[in-house]
Amino acid sequence: MYILGIETSCDETGVAIYHSQRGLVHHLLYSQIEMHSEYGGVVPELASRDHIRKLIPLIKQLLHESNLTNDDITAIAYTAGPGLMGALLVGAATAQSLAFAWHKPAVAVHHMEGHLLAPMLEENPPEFPFVALLISGGHTLLVQVLGVGQYELLGESLDDAAGEAFDKTAKLLGLPYPGGVKLSELAKSGHARFKFPRPMTDRAGLDFSFSGLKTFALTTFQKSDQTQQDKADIALAFQDAVADTLAIKCRRALLQTGLKTLVVAGGVSANIKIRATLTDMMEKENGQIFFPRPEFCTDNGAMIAYAGYQRFLLGETQDLEIFARPRWAMSEL
Ligand code: KG4
Ligand code: ZN
């Protein structure tokens, strides 16, 4: 069976087709980065309008390039939340309209479940159970995963999400949007000169707090000569602090659960330093670590098609309702 996946929760229009035997057939992504960069961040209304412009042409192109027609599609999966309301509504309304017109069921997908299952699209997928670290722009979650839909929250960020902290720190260093990627590029030319704290690692528990690091970066910057090198050194210190903090908490989560497998996903998992730090930690622990390929760390349609396929197998199709939830806790799944 072929599942069409649609992702429109934020600033990427992603579409994909997943097949039960063939795996991922095709995927297309249109990024709005260029449009939003003029404003230094995502402008929700512009994001919605652009999804409206791009989504149907992308789906047509996807079907055409896959040599498939709507008759071949078994179900239409779409990101129902969490995300920007207007952006979600474009995906939800389009998916439900296609479902109605094509006489196929629609499947509502939780965006973070999409991220969580993205490593399953790789050649060597992880096996359940595992601990998942989900690090995106809006969420930082440590989850014990027993199977599809069997998630136990172990820890989360009490303030800024990891990606949000990257973006805000980038902004205060004067870097353009999208901040996270720009900050990690700048960190490459940084010297190990500053030592930032590893927040909430000196006490028990698996929750995170990243907003203090942003403030630490700001005061360090204000006290410096504010040269390009200072910025790079701060970027490096900030990135190292996030990477170490994530590694400490993941190790703790593995010890607490007795599990040996770590899955890392979400936009921030594209970060090379974070991938390397977590990989080193898992080598020392004699465990296994799994990531999506970098292009499937950030938002994409492939992960939604795959999560939709899994939810379809569980019988979770929808009636004709436009279902969009900007706030939607994973614990409700
Ligand atoms: O998962 P994602 O694409 O969207 C959300 O669901 O939020 O994550 C986007 C976040 C942004 O905060 C972005 O700055 C961050 O992921 N990000 C990175 C990198 N690539 C994306 N952060 C650090 N280093 C990167 N290479
Ligand atoms: Zn995302």
Side-chain angles (χ1 to χ4, degrees), residues 5-14 16 29-33 36-37 40-42 44 47 78-84 87-88 91 109-119 132-141 156-157 159-173 175-188 190 208 210-211 213-214 217 235-243 245-246 263-278 291-304 306-307 325-328 330:
I6 296 173
E7 157 63 34
T8 64
S9 69
C10 191
D11 55 352
E12 328 265 1
T13 316
L29 187 77
Y30 176 79
S31 172
Q32 303 178 349
I33 281 178
H36 295 296
S37 62
V42 178
Y78 67 97
T79 303
L84 302 172
L88 290 170
V109 173
H110 190 288
H111 182 79
M112 296 312 292
E113 183 174 59
H115 277 303
L116 189 150
L117 297 176
L133 171 69
L134 304 181
I135 34 181
S136 71
H139 298 83
T140 304
L141 303 169
E156 63 187 324
S157 178
D159 41 54
D160 293 350
E164 192 180 355
F166 262 93
D167 295 339
K168 287 179 175 172
T169 304
K171 205 165 199 173
L172 63 88
L173 291 176
L175 304 180
Y177 162 88
V181 185
K182 292 282 188 298
L183 188 143
S184 68
E185 281 166 10
L186 182 62
K188 284 183 198 156
F208 302 90
F210 291 113
S211 74
L213 279 181
K214 169 191 70 195
L236 177 70
F238 170 84
Q239 182 173 264
D240 282 353
V242 175
T245 305
L246 294 173
V263 164
V264 189
V268 182
S269 67
N271 183 284
I272 290 165
K273 178 68 198 235
I274 289 173
R275 288 170 93 97
T277 306
L278 291 169
F291 300 95
R293 73 192 80 164
E295 67 172 319
F296 291 162
C297 288
T298 44
D299 292 347
N300 64 84
M303 68 184 196
I304 302 304
Y306 181 77
R325 287 184 67 177
R327 288 180 156 270
W328 186 7
M330 256 189 115

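Atoms within a ligand are numbered from 1 in the order they appear, just like the ligands themselves.
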The protein N, O or S atoms lying under 2.8 Å from the Zn ion (ligand 2) are His111 NE2, His115 NE2, Asp299 OD1
Under 3.5 Å between any N/O of Gly266 and any N/O of ligand 1: does that happen in this structure?
no
Member of Asp160, Thr169, Asp159 meeting the side-chain hydrogen bond (donor to acceptor under 3.5 Å, both in side chains) criterion with Lys214:
Asp160
Identify, for atom 13 (C) of ligand 1, the protein heavy atom at the shortest distance, and state residue, atom and that distance.
Asp167 OD1, 3.7 Å
Do you know which two heavy atoms are closest between Ala243 and Ile274, and how far apart they sit?
CB-CG1, 3.9 Å
Using non-hydrogen atoms of the residue, decide whether Pro178 is closer than 4.0 angstrom to ligand 1.
no
Using a 3.5 Å cut-off on N or O atoms only, is Gly163 in polar contact with ligand 1?
yes
How close do Ala307 and Val109 get, counting heavy atoms only, and between which atoms?
CB-CG1, 3.7 Å
For atom 10 (C) of ligand 1, find the nearest protein heavy atom and state the residue, atom name and distance (0.1 Å precision).
Gly137 N, 3.5 Å
For Gly138, counting its heavy atoms only, list the atoms of ligand 1 lying under 4.0 Å from any of them.
7 (O)
Would you mind checking which non-hydrogen protein atom is closest to atom 2 (P) of ligand 1, with the distance to 0.1 Å?
Asp299 OD1, 3.3 Å
Any non-hydrogen side-chain atom of Pro82 less than 4.5 Å from a side-chain atom of Pro326?
no
Does Gly179 have a non-hydrogen atom less than 4.0 Å from ligand 1?
no
If we ignore hydrogens and angles and just use 3.5 Å, is the side chain of Thr140 paired with the main-chain N or O of Ala162 as donor and acceptor?
yes
So is Gln239 in contact with ligand 1, going by heavy-atom distances below 4.0 Å?
no
Residue portion contacting ligand 1 (non-hydrogen atoms closer than 4.0 Å) for His111
side chain
min-distance protein heavy atom vs atom 15 (C) of ligand 1 -> Val268 CG2, 3.9 Å
Does a donor on one side chain and an acceptor on the other come within less than 3.5 Å for Glu7 and Asn300?
no
Mind checking what makes side-chain contact (heavy atoms from CB on, under 4.5 Å) contact with Thr298, not counting sequence neighbours?
none
Can you find a heavy atom in the side chain of Asp11 that is under 4.5 Å from one in the side chain of Ser31?
no
Classify the ring geometry between Phe208 and Phe210 as parallel (under 30°), tilted (30 to 60°) or perpendicular (over 60°).
parallel
Chi angles and distances behind the side-chain contact (heavy atoms from CB on, under 4.5 Å) call for Leu134, His139:
CA-CA 7 Å; Leu134 304 181; His139 298 83; 5.9 Å; no
Run the numbers for me: atoms of ligand 1, each under 4.0 Å from some heavy atom of Thr298, listed by number.
3 (O), 21 (C)
Nearest neighbour in protein (non-hydrogen) for atom 22 (N) of ligand 1
Gly180 CA, 3.7 Å
Between His115 and ligand 1, find which residue part has any heavy-atom pair under 4.0 Å and reply side chain, backbone, both or neither.
side chain
Do me a favour and list the nearest non-hydrogen protein atom to atom 19 (C) of ligand 1 with residue, atom name and distance?
Gly267 O, 3.8 Å
Is the backbone of Tyr177 close enough, under 3.5 Å, to the side chain of His36 for a donor and an acceptor to pair up by distance?
no
Kindly confirm or rule out an N or O of Asn271 lying under 3.5 angstrom from an N or O of ligand 1.
yes
I'd like to know if the side chain of Thr8 and the backbone of Ala87 have a donor-acceptor N/O pair within less than 3.5 Å.
yes
Which atom of Lys171 lies closest to which atom of Gly40, heavy atoms considered
NZ-O, 3.3 Å
More than 12 heavy atoms from other groups under 6.0 Å of CD1 on Ile272:
no
